[in-house]
There are 2 protein chains.
Amino acid sequence: MAKTDTRIQKKNQAAIMDAGLAVFSQFGFRGSTLDQVAEAAGLSKPNLLYYFRSKDAIYTALLAKLLENWLEPLREINAEGDPVQELLGYANRKLDMSQHYPRESRLFANEIIQGAPRIADVLQGELRGLVDEISQVINDWVAAGRIKSVDPRHLIFSIWALTQHYADFDVQVRAILGDVDPFDGAQAYLEAMLRGLLEV
Amino acid sequence: MAKTDTRIQKKNQAAIMDAGLAVFSQFGFRGSTLDQVAEAAGLSKPNLLYYFRSKDAIYTALLAKLLENWLEPLREINAEGDPVQELLGYANRKLDMSQHYPRESRLFANEIIQGAPRIADVLQGELRGLVDEISQVINDWVAAGRIKSVDPRHLIFSIWALTQHYADFDVQVRAILGDVDPFDGAQAYLEAMLRGLLEV
DNA sequence: CAATAATTTGACCAACTGGTCAAAGGCAGG
DNA sequence: CCTGCCTTTGACCAGTTGGTCAAATTATTG
């Protein structure tokens with residue numbers, strides 16, 4: 001089974017992942033049912049369980065795939081680059097993810113709000129380590145007088161919070177903005193906010 | 001039933017609301033069970049349904065109570081006051097709510113992430129109207145040169161996003177900060193951010 | 001204290017849940 | 001066309017779910 005995936009396997013596995021993402025990101029793990037996922041994937045429930053051994057397996061696979069991409073933009077921050085440009089770039093990459101992968105953002109948000117039972121170790125290990133590293137870089141920038149003094153961890157939180165807000169609270173944002181596209185204004189606002197906060 | 005509430009009714013209704021808040025805020029509506037709520041309230045399930053006619057009734061009552069307090073801080077912004085102080089005050093009130101009522105914040109977040117099926121009308125009506133009003137006030141401040149030019153709606157989003165982040169993503173924040181209290185740093189950061197963005 | 005009303009509970013139910021399984025259907029290579 | 005494997009499915013199951021109800025228990029009041 002692990003050796004070679006037939007075309008039909010690849011197609012159905014992809015359909016299940018996509019369906020699972022749609023369902024789990026909206027209702028959370030416990031609020032979702034296999035029937036929902038099966039219907040969204042266009043498969044019968046037993047057929048779905050032919051490809052994934054359990055509901056948990058689908059969800060876990062989704063989370064694993066998500067985490068791969070989730071930490072990536074943070075890694076791309078370059079200590080040698082221009083501080084403001086690097087941080088603006090990071091914020092923009094995160095905002096792009098909210099725009100183009102809102103379901104992934106909501107899946108992550110659901111998991112965290114519910115206490116992150118399955119990824120607590122990633123948060124305390126890989127994520128924390130990465131944030132520690134970047135925080136050191138930012139502190140160095142501050143010490144070198146290249147940006148204003150700022151708590152690096154709260155700076156990172158603010159970039160996460162703001163960018164993910166447009167995906168996670170999409171309904172609310174659209175209720176308030178009406179027909180206006182959220183992301184144009186968001187990009188400009190984010191840049192102004194970071195420049196005001198960081199530029200010496 | 002609506003005329004007079006006996007002591008015992010008040011006590012049990014309060015216990016149910018508190019239990020419902022704890023359970024629904026963690027698992028969302030569909031992910032929560034009446035048994036969980038009943039156990040958290042220290043009541044049997046039929047006894048719980050003696051006070052609320054259905055699971056939905058508990059959840060709806062919680063949401064209604066929440067929305068009362070949710071919009072309040074926004075109403076307190078005073079068009080006659082000092083712009084920066086007013087907005088800082090608003091941000092601080094929201095941050096206090098995240099600190100002292102994190103479950104309410106998560107309940108709201110869960111509802112919004114899941115598409116806000118029960119409060120879409122409030123978002124498009126009351127909330128939107130309120131935001132429109134405050135946006136006008138902020139635009140006037142900008143026009144009068146009292147704060148820098150800024151999109152008022154995205155400014156409001158950023159205050160929501162940042163303050164609620166500390167409640168909704170509590171697990172992640174604590175995983176990264178360790179023993180450090182999040183709210184001290186958050187308050188200072190938020191103030192620096194808003195001053196950098198707004199002060200002329 | 002008796003009677004009445006308010007509260008609590010055990011037993012129960014139909015619908016739904018995640019998951020199993022044997023059998024059937026489809027498809028490639030010979 | 002046949003054989004063997006991959007894929008799909010209908011029927012089914014045990015546990016859980018939201019909710020009901022009559023009966024028992026506990027206040028409250030005259």
Side-chain angles (χ1 to χ4, degrees), chain A residues 1-64 107 110-111 114 117-118, chain B residues 1-64 107 110-111 114 117-118:
Chain A
M1 206 194 289
K3 276 189 183 176
T4 37
D5 280 3
T6 69
R7 261 166 306 165
I8 211 165
Q9 276 174 348
K10 289 208 163 179
K11 194 193 83 186
N12 282 340
Q13 277 166 4
I16 292 168
M17 293 292 268
D18 192 68
L21 180 59
V23 174
F24 287 129
S25 69
Q26 191 174 358
F27 302 111
F29 179 72
R30 294 186 43 174
S32 304
T33 73
L34 279 180
D35 290 293
Q36 283 178 292
V37 177
E39 200 198 331
L43 299 173
S44 67
K45 188 168 57 172
N47 198 11
L48 194 159
L49 288 165
Y50 172 73
Y51 291 101
F52 288 83
R53 64 166 64 107
S54 68
K55 180 187 180 184
D56 209 282
I58 303 172
Y59 187 73
T60 302
L62 275 170
L63 267 189
L107 184 76
N110 258 311
E111 177 68 13
Q114 305 192 359
R118 291 152 216 270
Chain B
M1 205 196 289
K3 274 188 180 176
T4 38
D5 280 2
T6 68
R7 261 165 307 164
I8 210 165
Q9 276 173 347
K10 289 208 163 177
K11 194 193 79 187
N12 281 341
Q13 276 166 5
I16 292 169
M17 293 291 268
D18 192 68
L21 180 59
V23 174
F24 286 128
S25 69
Q26 192 175 356
F27 302 110
F29 179 72
R30 294 187 43 173
S32 304
T33 73
L34 280 179
D35 289 292
Q36 284 178 290
V37 178
E39 199 198 329
L43 299 172
S44 66
K45 186 169 58 173
N47 198 10
L48 193 160
L49 287 165
Y50 172 74
Y51 291 101
F52 288 84
R53 63 166 65 107
S54 67
K55 181 187 179 183
D56 208 283
I58 302 173
Y59 187 73
T60 303
L62 276 171
L63 267 189
L107 184 75
N110 258 311
E111 177 69 13
Q114 305 192 1
R118 292 151 216 270

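Convention: sequence-line order gives letters A, B, ...; per-chain numbering from 1. Just so it is clear, the structure is predicted and the values come from calculations on it, not from any experiment.
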Next on the checklist: Using whole Å, what does the distance between atom P of nucleotide C/dT7 and atom NZ of B/K10 come to?
Outcome noted: 13 Å
Checklist entry - With sequence neighbours left out, what residues match A/T60 under side chain to side chain donor-acceptor pair (under 3.5 Å)? => result A/D56
Next on the checklist: For A/V37 versus A/A19, what's the shortest heavy-atom pair and its separation?
Outcome noted: O-CB, 3.5 Å
Taking only nitrogen or oxygen atoms into account, show me every contact under 3.5 Å that the protein makes with nucleotides 8-14 of chain C, one pair per line with its distance.
{"from": "C/dT8", "atom 1": "OP2", "to": "B/N12", "atom 2": "ND2", "distance (Å)": "3.1"}
{"from": "C/dT8", "atom 1": "OP2", "to": "B/N47", "atom 2": "OD1", "distance (Å)": "3.2"}
{"from": "C/dT8", "atom 1": "OP2", "to": "B/N47", "atom 2": "ND2", "distance (Å)": "3.3"}
{"from": "C/dT8", "atom 1": "OP2", "to": "B/Y51", "atom 2": "OH", "distance (Å)": "2.7"}
{"from": "C/dT8", "atom 1": "O5'", "to": "B/N47", "atom 2": "ND2", "distance (Å)": "3.1"}
{"from": "C/dT9", "atom 1": "OP2", "to": "B/S44", "atom 2": "OG", "distance (Å)": "3.2"}

Checklist entry - Is the closest side-chain heavy-atom distance between A/N110 and B/N110 below 4.5 Å? => result yes
Checklist entry - Heavy-atom distance under 4.5 Å between the side chains of A/S32 and B/R30, does that happen here? => result no
Item to check | For atom CZ of B/F52 and atom C1' of D/dG18, their distance in whole Å | outcome: 16 Å
Next on the checklist: Quick check on C/dA6: is either OP1 or OP2 less than 4.0 Å from any side-chain nitrogen or oxygen of B/Q9?
Outcome noted: no
Checklist entry - For B/E39, does the CD atom sit with more than 12 other heavy atoms under 6.0 Å from it, leaving out its own atoms? => result no
Next on the checklist: Using 30° and 60° as the class boundaries, would you call the ring planes of B/F29 and B/Y59 parallel, tilted or perpendicular?
Outcome noted: tilted
Next on the checklist: With heavy-atom distances below 4.5 Å as the criterion, would you say the side chains of B/F24 and B/I58 are in contact?
Outcome noted: yes
Item to check | Closest non-hydrogen atom pair between A/A61 and A/F52, with its separation | outcome: CB-CE2, 4.1 Å
Item to check | Comparing A/L49 and A/R7 on DNA chain C - which has the more 5′ nearest nucleotide | outcome: A/L49
Checklist entry - Going by heavy atoms closer than 4.0 Å, what residues in residues 20-41 of chain A are next to DNA chain C? => result A/S32, A/T33, A/L34, A/D35
